[in-house]
Amino acid sequence: MKPTFAIIGCGKLGVTLAWHLSHIGYVPAGFASRRSASAHAAAENAGGGRVCRDPWDATVDADLVFITTPDATIASVAEDLAARKGVKRGAVVLHCSGALSSTILAAVRNCGAHAGSLHPLQSFAAPTFPDNPFRGIIMAGEGDDEARALAVEIASGLQAEFLSIETENKTLYHAAAVVASNYLVTLFAASTRLLEGSGIAPEATLKVLLPLVRGTLNNIEKRGVAEALTGPIARGDRGTVESHCRKIQQALPDLLPFYQLLGAYTLPLAKARGDVDAAQLRDLASLLKLP
């Protein structure tokens, strides 16, 4: 029989986990959330388990505890569970934060429990079932050996790929995810402003940009990061970059430092490709120097 589980914090991820864990054989034990209705929804989707007002009542008999509250409250929830003897010896306690490591669960170790984290590298805009939002994604885990071992089993059961990371490197892992996901949105926002400045209607900008971005991602997947680089910096084309800077300065001057910074960080990729000589790189670096 799979372990029994409890979930503290029944938001979008918590409710989604409740459904999918129960459907791969984990046995629901208890649920607690700031909003009682959310805990009831999780229990209903899991097909069982107690709905409790206090978190420690929901977790006291569970083999596995997921804390899926906002990051700011994870440590205090763990401390409350430990103080109220709400975690049994040998249980595994996992949180799902991408930014925080298992060190914030230190209190539960005093109860003889094992601490870890399991972060699904995916955004959850709404509870998702029966479609499996975990299938094929990365779930990154770290923590005590026992917690990590169970995290591997959970990821496998959810049809995700487990990525083991070192506890002390969790913050850099999350920073990488923020750059790849959140800052991609920022990049799109800048690109759409430049397109609108060129006369393209706002409602048409995504239609213009999305095929280009999909093609770039496809090239990265097939050829690697440096070899996927194209464009004026990859060619050492100072004239085009200079004309970009001049026109952006005239039309959208607040975006010029953004363009220059991205260009400056592109130079090492151009160097790695080996198609641009040292003199061209120095010339471009001088042009892209931030004021």
Side-chain angles (χ1 to χ4, degrees), residues 98-99 118-125 128 131-142 151-152 154-166 169-195 198 200 204-241 243-245 248 255 258-285 287-288:
L118 183 61
H119 175 244
L121 196 55
Q122 182 61 278
S123 59
F124 290 83
T128 306
D131 292 339
N132 182 3
F134 303 102
R135 183 182 295 115
I137 72 166
I138 294 292
M139 296 187 79
E142 54 79 36
V152 170
I154 293 167
S156 176
L158 294 173
Q159 301 178 53
E161 181 177 347
F162 183 80
L163 174 67
S164 180
I165 56 179
E166 297 302 319
N169 293 331
K170 183 76 180 287
T171 301
L172 286 178
Y173 152 82
H174 189 251
V178 166
V179 171
S181 178
N182 306 153
Y183 294 170
L184 178 60
V185 177
T186 306
L187 188 64
F188 253 81
S191 297
T192 56
R193 286 187 61 202
L194 290 166
L195 267 186
S198 76
I200 304 297
T205 55
L206 289 183
K207 183 179 179 180
V208 172
L209 291 171
L210 283 173
L212 175 63
V213 172
R214 292 189 181 108
T216 302
L217 291 174
N218 186 54
N219 288 339
I220 290 172
E221 185 175 11
K222 289 182 176 178
R223 305 182 62 189
V225 174
E227 289 302 316
L229 182 66
T230 61
I233 290 179
R235 299 190 301 268
D237 184 354
R238 186 189 197 283
T240 297
V241 175
S243 68
H244 288 174
C245 291
I248 293 170
L255 286 181
F258 183 81
Y259 178 91
Q260 290 175 301
L261 185 63
L262 291 176
Y265 274 89
T266 305
L267 292 175
L269 294 175
K271 182 179 180 180
R273 282 175 54 88
D275 296 332
V276 183
D277 64 35
Q280 290 174 306
L281 288 170
R282 286 194 299 270
D283 199 20
L284 285 168
L287 178 62
L288 294 166

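On a predicted model such as this, the values are computed, not experimentally measured, just so you know.
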Which pair of non-hydrogen atoms, one from Phe162 and one from Ala151, has the smallest distance, and what is that distance? CE1-CB, 3.8 Å
Which pair of heavy atoms, one from Arg235 and one from Gln280, lies closest together, and at what distance? O-NE2, 4.0 Å
From CZ (Arg238) to OG (Ser243), nearest 0.5 Å: 11.0 Å
Quick check for you: to the nearest 0.5 Å, what is the distance between Thr216 atom OG1 and Leu209 atom CG? 10.5 Å
Side chain to side chain, Val241 and Tyr259, heavy atoms closer than 4.5 Å: yes
If I compare all heavy atoms of Ala272 with all of Ala226, which pair ends up nearest, and what's the gap? CB-CB, 4.2 Å
If you round to the nearest 0.5 Å, how far is CE of Met139 from CD of Glu161? 12.0 Å
Tested for side chain to side chain contact (heavy atoms under 4.5 Å, CB included) against Val276, the lone hit among Leu269, Leu281, Ile233, Asp283 is Leu281
Considering non-hydrogen atoms only, spot the tightest contact between Ala264 and Leu288 and give its length. N-CD1, 3.8 Å
Within a radius of less than 6.0 Å around CD of Glu227, do more than 12 heavy atoms belonging to other residues, nucleotides or ligands occur? yes
Taking all heavy atoms of Ile137 and all of Pro133, pick out the closest pair and write down the distance. CG2-O, 3.5 Å
If you define the side chain from C-beta out and look only at heavy atoms, does anything of Tyr173 sit under 4.5 Å from His119? yes
Rounded to the nearest 0.5 Å, the OG1 atom of Thr230 sits from the CZ atom of Arg273 at a distance of 8.0 Å
Taken to the nearest 0.5 Å, the spacing of Gln260 CD from Leu287 CG works out to 7.5 Å
Using modelled atom types and a 3.5 Å cut-off, is there a donor and acceptor pairing between side-chain atoms of Asp237 and backbone atoms of Gly231? no
Closest non-hydrogen atoms of Phe134 and Leu158, given as atom of the first, atom of the second and distance, are CB-O, 3.5 Å
Is any side-chain heavy atom of Phe188 closer than 4.5 Å to one of Leu206? yes
Using 0.5 Å steps for rounding, measure from the CG atom of Leu262 to the CG atom of Leu267. 11.5 Å
